[in-house]
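Reviewing the structure listed below.
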Amino acid sequence: MQELAKAYEPQQVEDRLYADWLAKGYYEADASSSKEAYSIVIPPPNITGVLTMGHVLNNTIQDVLIRKARLEGKEALWLPGTDHAGLATQTAVEKYLRKNEQVTRHDLGREEFLRRVWAWQEKHGGIIIQQLKKLGCSCDWKRERFTLDTAYAEAVQQVFVDLFHKGYIYKGHRMVNWCPGSLTAISDEEVIPKAQKGHLFYMRYEVAEEPGRFLEIATTRPETLMGDTAIAVHPGDERYKDLLGKHVWRPFPKAQIPIVADEHIDPKFGTGVLKVTPAHDKADFEIGQRHKLPIIDVLTPHGKINCPEVPELHGLDRFEARKKSVEMLKELNQLVKEEPYENNVGFSERADVPIEPRLSEQWFLRYPKTEEALKVVREQLIKFYPSHWEKVYEHWLTNIQDWCISRQVWWGHRIPVWYKGTEIKCQVASPGEGWEQDPDTLDTWFSSWLWAYETMDDATRRKFYPTSVLVTGPDIIFLWVARMIIAGLEFLPSGEGATPEETLQKNIAFKDVYFTGLIRDGKGRKMSKSLGNSPDPLDLIAKYGADGLRFGLMRIAPQGQDIRFDEKQIEEGRNFCNKLWNACRFRAMQGAIDAKADPDKHALTPFAQHILQRLGETNEAVNIAFAKFEFSNAASGLYDFVWNDLCSRFLETAKADFNNPESPTRNGTLATFDFVLSRVLRLLHPYAPFITEELWLSLGFGTETIQFAEWPTLTKQSRSGAEKAEAIYSVVDHGRTLRGEFAIPSNQKLKFQLLAKDALSAAEIEVLALLLNAQEVEIVSVAPKNVPVAFTPIGELYLPLTGVIDPAAEKARLDKDLAKTLKDLELTNKKLNDTNMLAKAPAAKVEEWKSLQVELAAKHQRLLEQIKMLG
RNA sequence: GCGCGGUUAGCUCAGUGGUAGAGCACUACAUUGACACUGUAGGGGUCAACAGUUCAAACCUGUUACCGCGCACCA
């Protein structure tokens, strides 16, 4: 056996092991396997992206699940890939071209530009994949997919064609969310409302039929007033009833516009009068439809004013125009006042500029299978963790709006619609000479919603679809999760079942959805590129190792709660790895391990029995936690077991056996050690794949990799000696506390005396001495006088100090203990004297209180005696 | 406005009815035998507030406050 390094050095281990794992093809899933299938499709990261802490959390969870499935003997597939991210990538490449070649995409033309994007994708698209490998992700890289792979792209277009012919897709001239930054329409889900501090401007318009009478109107957007084609009031508003049917003068360009009545107006808001701009507001558009108002578009796609009749404003940016139009109103003496005002403005998620409601010709999808999508979640065919997301999902689905799927973007899936004159054809291939394809591409999410199955070939799909679990962030519950569910139910990748119920069951995209929390910085802010508050995971890996990062993060990532990131936590992850490493190193120093060690074939110390019992408890707790997707609970349980039960206790007691070749329990302790390590390494492997593999191989646990070793399923089981070990550990704790209270340096050898109620073996006394750093633990039958004492489950532990002790100080110490004991005793007495409580509390509880009372009373008595002895 | 989370030690968080927990940080002690990425001990909390249910509430119910998020509104 090779000597283990003094500290775990992840840099010496990770890359070497990962290369070996890939070379051996461990992660290539076999679609023809007879083993139970377990599958996950990765939420495909953008090709523009680099690894963030969010990715680390998300992908570590997936890796934990998939590695555990492998250990459980399942055929595991983790299918990786990337997303072409139409708009994001196009923007990134345009920025690159502008900077390096001073050209725009229009300079290059569509074909050449796309060639450049592909070249860029070749160079940058794989960065994040390499980073996932550094993290240890055990994806089936041979099955890596890209949303613009030829077959995938064709499937996306085919889906469009199918939905078109089924009547779900239509082209419409409608109000859409227009992004003036990236010059495309976007979907409702990509609009982020943000509170904006602005002004509410009160203007007055003269009534045409009654010169000298003015109407006050409040608006936040005076720059669009050239597009106003009416003024609206609530039909029941008494203030303005007589004005209905009359007109006001729009100040510029000067024109008469009608005053109409519409239910939409809130009489209590502002002045109760609304300027109606049908071309630039969704609600105004609807009012315009109801009253057959003309639509005047006064904005260009870039968000500049397009109104030659008002030359002062024409060509100005919309925000410049706002200031200018206010000035102009002032000059006309038509501005009454302006007040500070905060309202929500929709921002484009991608370009982070205010979106502009704009009338335009776009493609829309009326969602199919919404009822079924609701049903599969309501009836728990698909389970959400945490379950409260079900409500959010339901709310969205029941209020669902048609999806604007066309984008004025070049990089992506071209819409498979062809035009020739007034003729239209919807098909994937060109109908032939003279047909022009629609210039737009499809929303990126229109390709990702097929990800759960279109990434798979037929054989893979038969074996691995529906996937077992999806791990993702709740921020894309509508954008991706809900749409994937719908896609599965509409396109039936597994075909029809015998019953409608079975059809649903066979075609849901996944059975469980685990929503991760968001990682925030120390101040609770979202991590973002612009704030620069996100650490680079690769730096963290270099500093703490991939396992340290993974374990540290998983231990603090509670289910569904946001996580406040603190590098200290990653440091703890690394420290834990080192602790585990050194426990194994210590074991390796005692000689070869036995891969098939069976502790029950040997005589065992109480301490060995105790660790075995704790192992069972921990194993069971880990399995329960996993079943509930409580990753941090499982991680904390293992941390506690390794650090406290294994290292602080069992390992220390084992030294007594290891230091004594003649010890009759030596072999049992060795076997226990091997048995425990063999299992704890496997239990930890999903979290910390590298170190557990390295230790498994270095210690020689028999198989060529830990990754397919059997997942331990021990359960909680009482062991006869465990209780005694517990009691001895308690004696140790009390002894150490005594030492601390008398400020005796921890390296000073002491003599303790024990007035034991229970018999202790010589070996047990030896362990006691070892853990107490005692020169001797003497068993006495009479309580010594004037000696500091502690009350333990085994008996009274005395610390006879050389030299004179200060009776006053010792009395003070005992008084403190007495006060605490008395307080506890009174509390217990109170309970046991409460007849109501005794009558209604469960008998077992009452018994518990009774024995506690006896114990406390005895301690109380002994303390009083001790204090009396001190005089 | 509606909905969903959260509020427990200085910090990050566990804790689903029976005397408040962990790690970090802090203080003291310890430096050749697994580990300083360490060990040992210690201090530190009226569990956001109020009301209710209960023999018993950090935990269940209701109200309020504050923080975060989603949806709607957004003149």
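Every value quoted in this text rests on a predicted model; they were computed, and no experiment measured them. Letters go in sequence order (proteins before strands), and every chain restarts at 1.
- Using a 4.0 Å heavy-atom cutoff across all strands shown, R574(A) reaches at least one base atom of the nucleic acid.
- With hydrogens and angles ignored, a donor-acceptor pair under 3.5 angstrom links the side chain of K579(A) to the base of C35(B).
- The pair K831(A)-E848(A) fails the salt-bridge criterion, with no side-chain N (NZ, NE, NH1 or NH2) lying under 4.0 Å from an Asp/Glu carboxylate O.
- Each of C647(A) and V273(A) was assigned the nucleotide of RNA chain B with the nearest heavy atom; the assignment lying further toward the 5' end belongs to C647(A).
- OP1 or OP2 of U31(B) lies within a sub-4.0 Å distance of a side-chain N or O belonging to N747(A).
- Between F384(A) and F515(A), the ring-plane angle classifies as perpendicular under the 30° and 60° cut-offs.
- The ring of Y341(A) has its center no closer than 6.0 angstrom to the ring center of F201(A).
- Across all strands, D640(A) comes closer than 4.0 Å to no nucleic acid atom at all (heavy-atom distances).
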Would you tabulate the nitrogen or oxygen pairs shorter than 3.5 Å linking the protein to nucleotides 23-27 of chain B?
residue: G23(B); atom: O2'; partner: E572(A); partner atom: OE1; Å: 2.5
residue: G23(B); atom: O2'; partner: E572(A); partner atom: OE2; Å: 2.9
residue: C24(B); atom: O4'; partner: E572(A); partner atom: OE2; Å: 3.3

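- In this structure, the nucleotide among C37(B), C35(B), C69(B) sitting nearest to the side chain of K6(A) is C35(B).
- Taking atom CG of D824(A) as the reference point, atom P of U19(B) lies 11 Å away to the nearest angstrom.
- Residue contacts for P842(A): at a heavy-atom cut-off of 4.0 Å it reaches a base atom on one of the strands shown.
- Atom P of nucleotide A75(B) and atom OH of Y341(A) are separated by 7 Å, given to the nearest angstrom.
- Counting non-hydrogen atoms under 4.0 angstrom, L856(A) reaches a base of the nucleic acid.
- Across the protein-nucleic acid pair, E652(A) atom CD and C35(B) atom P stand 11 Å apart, rounded to whole Å.
- Residue contacts for I265(A): at a heavy-atom cut-off of 4.0 Å it reaches a base atom on one of the strands shown.
- A side-chain hydrogen bond (donor to acceptor under 3.5 Å, both in side chains) with T224(A) holds for exactly one of K275(A), H280(A), E356(A), R318(A); it is K275(A).
- Note on K391(A): only backbone sugar-phosphate atoms sit closer than 4.0 angstrom, heavy atoms only; bases stay farther off.
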Report each atom pair, protein N/O against N/O of nucleotides 42-48 of chain B, whose distance is under 3.5 angstrom.
none

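- Within the 4.0 angstrom heavy-atom criterion, base atoms lie near N578(A).
- Residue A218(A) is in sugar-phosphate contact alone, with no base atom involved, counting any heavy-atom pair closer than 4.0 Å across all strands shown.
- In this structure, L838(A) reaches neither bases nor backbone, as no heavy-atom distance under 4.0 Å exists between it and the strands shown.
- Counting any heavy atom pair closer than 4.0 Å across all strands shown, K655(A) reaches a base atom.
- Among the heavy atoms of the strands, none lies under 4.0 Å from R221(A).
- Counting any heavy atom pair closer than 4.0 Å across all strands shown, I217(A) reaches no nucleic acid atom.
- Taking both residues in full, the closest heavy atoms of Y639(A) and F551(A) are given as CD1-CE2, 3.8 Å, listed atom of the first, atom of the second, then distance.
- Which of A41(B), A34(B), G18(B) sits closest to the side chain of R736(A) comes down to A41(B).
- In this structure, E216(A) reaches neither bases nor backbone, as no heavy-atom distance under 4.0 Å exists between it and the strands shown.
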